[in-house]
Amino acid sequence: MPFDSKVPGVTILGKVTAQQAQEILTPEALLFVATLHRTFNATRKTLLQKRVLRQQQIDQGHLPDFLPETKAIRDDIAWRGAIPAPGLADRRVEITGPVDRKMVINALNSGAATFMADFEDSNSPTFDNNLSGLVNMKDAIHQRISYTAPNGKQYNIRKDGKIATLIVRPRGWHLDEKHVLIDGEVTSGSLFDFALYFFHNAKKSVEIGIGPYFYLPKMESHLEARLWNDVFNLSQDYIGMPRGTIRGTCLIETIMAAFEMEEFIYELREHSAGLNCGRWDYIFSVIKKLRQNPKFVLPDRSDVSMTTPFMDAYVRLLIKTCHKRGVHAMGGMAAQIPIKNNEAANKAAMDKVRNDKLREVKAGHDGTWVAHPDLVKLALVVFNEHMPQPNQLHVRRDEVQVTAADLLNTTVKGGKITETGIRANVSVSLMYMEAWLRGAGCVPIHNLMEDAATAEISRSQLWQWAKHHAKTDKGVPVTAEYLLKVLDEETDKLAKEMGDQRFKASKMTLAKERLATQITGKDYADFLTSLLYEDIVVYDDVKAKI
């Protein structure tokens with residue numbers, strides 16, 4: 001029997017467990033979701049349409065630039081973001097990961113300063129994943145979370161109080177939650193995730209000495225940051241919480257956002273906790289936004305590093321911008337994970353992480369991201385040595401001057417398109433998409449912890465190379481036919497590795513079918529997660545399908 005929300009105008013189409021109903025989808029909480037939807041969803045949809053119009057302008061040759069209409073904000077040296085909130089002054093190492101129960105406990109216990117619990121790129125947003133994740137967030141904030149593994153091993157949070165500060169990343173503005181209708185309209189995944197976490201945990205988070213903290217993903221305009229700020233203000237007023245209690249860290253992970261960093265901080269001001277270099281999504285965004293322009297074709301993903309001109313410029317500008325406004329400038333993700341049973345390969349991987357973190361702390365970052373608990377100590381050692389104080393907001397980087405041309409300089413010295421790179425992109429895309437379709441959004445592939453961002457880079461590069469008739473370093477034309485042939489070969493290779501029974505039980509055939517539509521240089525979905533979402537939507541009542 002379909003779940004009864006007991007709230008007029010709110011329809012729940014997905015299956016709900018008794019615990020999820022009792023702990024999360026309460027009438028009071030759903031009324032709050034409905035309030036946010038009714039107040040802000042129209043604005044969200046308008047802003048998403050503005051993205052479409054801006055993309056059309058870029059396709060016509062109008063490249064991104066700093067906005068003349070917000071020059072006064074950038075030139076005004078007087079304003080500042082908020083002072084660091086409790087639990088956010090020292091963010092030297094942040095661990096990120098999905099919201100499954102075991103991961104949450106391990107991350108909280110990892111020794112990292114904070115834990116970004118991710119409802120976005122490392123979460124496959126099945127309705128059960130989202131609701132179970134919200135249960136886990138509530139249990140974490142109320143400090144009662146535990147887990148018993150199938151082998152009987154017990155997991156509990158530390159009793160010494162040294163657990164990471166929890167920060168939640170809701171889904172981006174572009175993602176819907178199709179299992180929930182408000183007045184007959186599909187609701188926003190962003191508002192759904194935010195509302196239910198905030199409603200159940202905001203006051204308790206303050207009680208335990210922190211606050212309701214968020215990472216804000218995938219924004220392309222300061223007007224989208226303004227919308228979040230409006231959501232924050234209404235939400236705090238709704239539950240009687242002082243404005244400015246919420247904190248939001250904006251992920252600068254789109255090329256459009258790079259031109260509006262100061263405006264993002266300005267819009268959030270009393271709620272701003274700084275900016276973060278979402279490096280992998282940033283590379284994806286550069287390819288996506290500029291995909292029609294042959295001047296911006298990138299080489300193999302492995303050739304695009306943080307020292308590539310457009311990446312280096314974006315990092316330097318972010319640090320300068322944040323410290324000018326008194327907020328944290330957070331570094332990016334090290335995707336490497338420990339490699340077992342291969343000492344040499346593991347050492348090489350750990351050296352990459354160490355060098356990456358050393359570059360970040362010396363550049364002026366106030367903290368960094370890791371994807372695995374075993375990397376927390378390594379990153380801490382680097383930051384503790386070079387940043388003994390909680391942060392380095394005093395490192396002003398006044399010497400930095402970054403122009404629009406710098407942010408758009410995609411020159412990669414020595415970069416090549418290789419068959420190895422092509423096959424790696426196909427393989428990573430296939431394996432990640434297959435896992436996502438099974439409900440797993442964070443997957444170890446080729447000794448890297450991959451999430452949606454790296455799969456997005458991979459399939460976007462394939463599209464870009466086919467679109468612009470690129471050639472490999474051996475002179476082989478990268479055509480749609482060539483890429484589809486490689487897709488067949490890589491799928492066959494995976495089928496042999498998996499075995500017939502396991503392959504047939506997997507989602508690999510569906511993943512291949514979906515990927516084939518994205519690598520010919522013709523059709524291009526804005527996001528893989530949007531392309532695949534309908535495949536994981538499951539309605540409790542088949543008659544309710546919309």
Side-chain angles (χ1 to χ4, degrees), residues 47 64-85 88-89 91 94 114 116 167 169-170 172-173 190 194 211-233 236 243-279 281-282 285 313-332 363-367 369 390-398 400-402 404 407:
L47 291 173
D65 204 345
F66 298 99
L67 302 179
E69 62 266 33
T70 55
K71 186 176 185 296
I73 293 173
R74 297 193 298 275
D75 290 346
D76 183 354
I77 64 171
W79 64 268
R80 293 286 185 275
I83 62 171
L88 292 182
R91 300 170 66 178
E94 299 190 329
T114 71
M116 188 200 77
I167 308 175
R169 177 162 71 171
W173 284 129
S190 309
F194 167 82
Y213 303 146
F214 300 90
Y215 258 107
L216 308 177
K218 302 287 191 298
M219 289 186 287
E220 297 188 14
S221 163
H222 67 283
L223 299 179
E224 297 176 19
R226 180 181 297 174
L227 178 57
W228 271 120
N229 199 64
D230 291 343
V231 170
F232 291 170
N233 281 329
Q236 290 163 129
R243 290 190 175 190
T245 306
I246 293 175
R247 289 290 193 275
T249 304
C250 297
L251 284 140
I252 303 300
E253 54 187 354
T254 69
I255 183 64
M256 310 307 296
F259 289 93
E260 302 181 36
M261 293 184 193
E262 295 203 58
E263 293 90 329
F264 276 42
I265 300 170
Y266 181 82
E267 292 295 345
L268 286 165
R269 282 199 299 294
E270 65 178 346
H271 298 119
S272 176
L275 307 177
N276 173 285
C277 285
R279 59 174 77 165
D281 265 306
Y282 190 75
S285 174
Y314 137 81
V315 167
R316 290 185 291 114
L317 181 60
L318 185 142
I319 294 168
K320 177 183 180 178
T321 300
C322 287
H323 291 179
K324 175 183 176 183
R325 303 304 180 183
V327 294
H328 282 64
M330 300 302 297
H365 280 297
D366 302 293
W369 275 14
N391 53 63
Q392 44 188 346
L393 298 179
H394 60 281
V395 178
R396 298 295 294 268
R397 297 301 305 268
D398 290 332
V400 169
Q401 298 296 324
V402 173
L407 291 171

Asks: Does the pair T249 and H328 meet the rule for a side chain to side chain contact (heavy atoms under 4.5 Å, CB included), with working shown?
Replies: CA-CA 9 Å; T249 304; H328 282 64; over 6 Å; no

Asks: List the atom of L251, the atom of Y215, and the distance in Å for their closest heavy-atom pair.
Replies: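 So the minimum-distance heavy-atom pair works out to CG-CD2, 3.8 Å.
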
Asks: Could you tell me which non-hydrogen atom of H323 sits nearest to which non-hydrogen atom of G364, and how far apart they are?
Replies: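 Shortest heavy-atom separation between H323 and G364 comes out as CE1-O, 3.0 Å.
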
Asks: At their closest point, which heavy atom of G278 faces which heavy atom of Y314, and how far apart are they?
Replies: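 Answer, listing the atom of G278 first, then Y314: N-OH, 3.0 Å.
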
Asks: Could you state the interatomic distance from CD (E260) to CG (D65), rounded to the nearest 0.5 Å?
Replies: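 It comes to 10.5 Å.
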
Asks: Counting distance only, does the side-chain N/O of R396 pair as donor-acceptor with the main-chain N or O of L393 below 3.5 Å?
Replies: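 Not at all, since once roles are kept as given, no pair shorter than 3.5 Å links the two residues.
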
Asks: Go through the steps to decide whether M219 and M256 satisfy the test side chain to side chain contact (heavy atoms under 4.5 Å, CB included), and finish with yes or no.
Replies: CA-CA 8 Å; M219 289 186 287; M256 310 307 296; over 6 Å; no

Asks: Determine whether L223 and R226 make a side-chain contact, defined as any pair of heavy atoms from C-beta on separated by less than 4.5 Å.
Replies: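 Yes, side chains in contact.
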
Asks: Counting C-beta onward and ignoring hydrogens, is there a side-chain heavy-atom pair between T254 and Y282 closer than 4.5 Å?
Replies: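 With C-beta onward as the side chain, the pair stays apart.
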
Asks: Think R269 forms a cation-pi with Y266, using NZ or CZ under 6.0 Å from the six-ring centre and within 45 degrees of its axis?
Replies: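 That pair qualifies as a cation-pi contact.
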
Asks: What heavy-atom pair brings N229 and E267 nearest, and what distance separates the two atoms?
Replies: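 Minimum heavy-atom contact is CG-O, 3.2 Å.
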
Asks: If we ignore hydrogens and angles and just use 3.5 Å, is the side chain of N391 paired with the main-chain N or O of R91 as donor and acceptor?
Replies: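 Such a contact is absent between N391 side chain and R91 backbone.
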
Asks: So with a 6.0 Å cut-off around CD1 of I83, is the heavy-atom count from everything else above 12?
Replies: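 No, the 6.0 Å shell around CD1 holds no more than 12 heavy atoms from other groups.
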
Asks: Answer whether the closest heavy-atom distance between the side chains of I167 and R247 falls below 4.5 Å.
Replies: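 No, too far: nothing below the 4.5 Å cut-off.
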
Asks: Just how far is it from atom CG of L275 to atom CD1 of I252, taken to the nearest 0.5 Å?
Replies: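 Answer for the CG-CD1 pair, L275 versus I252, is 4.5 Å.
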
Asks: Sub-3.5 Å donor-acceptor pair from the side chain of E253 to the main-chain atoms of K218, do we have one?
Replies: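 Answer holds: yes.
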
Asks: Between T114 and Y213, is a side chain to side chain contact (heavy atoms under 4.5 Å, CB included) present by the stated rule, with each step listed?
Replies: CA-CA 10 Å; T114 71; Y213 303 146; over 6 Å; no

Asks: Which value, rounded to the nearest 0.5 Å, describes the distance between D398 atom CG and K320 atom NZ?
Replies: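 These two atoms lie 6.5 Å from each other.
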
Asks: Classify the ring geometry of F66 against F259: parallel below 30°, tilted from 30° to 60°, perpendicular beyond 60°.
Replies: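 Plane angle over 60°, so perpendicular.
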
Asks: Just checking, is any N or O donor in the side chain of R325 or S272 under 3.5 Å from an acceptor N or O on the other one?
Replies: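 Not at all, the side chains of R325 and S272 share no donor-acceptor pair under 3.5 Å.
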
Asks: Looking at every non-hydrogen atom in both residues, tell me the closest pair between D366 and V327 and how far apart they are.
Replies: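 Taking D366 first and V327 second, the nearest heavy atoms are OD2-O, 4.2 Å.
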
Asks: If you round to the nearest 0.5 Å, how far is CD of E224 from CG of L227?
Replies: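 L227 atom CG to E224 atom CD measures 8.0 Å (nearest 0.5 Å).
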
Asks: Between the main-chain N or O of G244 and the side-chain N or O of Q236, is there a donor-acceptor pair closer than 3.5 Å?
Replies: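 Looks like yes, one N/O pair under 3.5 Å.
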
Asks: To the nearest 0.5 Å, how far apart are CG in L216 and CG in N276?
Replies: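 One gets 11.0 Å once the value is rounded to the nearest 0.5 Å.
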
Asks: Test side chain to side chain contact (heavy atoms under 4.5 Å, CB included) on W369 and M116; report intermediate values, then the result.
Replies: CA-CA 9 Å; W369 275 14; M116 188 200 77; 3.6 Å; yes

Asks: Indicate yes or no: at least one non-hydrogen side-chain atom of W228 is less than 4.5 angstrom from one of P170.
Replies: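 With C-beta onward as the side chain, the pair touches.
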
Asks: Which pair of heavy atoms, one from A273 and one from L88, lies closest together, and at what distance?
Replies: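 So the minimum-distance heavy-atom pair works out to CB-CD1, 4.3 Å.
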
Asks: Measure the spacing between CD1 of I246 and NE2 of H271 and express it to the nearest 0.5 Å.
Replies: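 Here the rounded value is 5.5 Å.
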
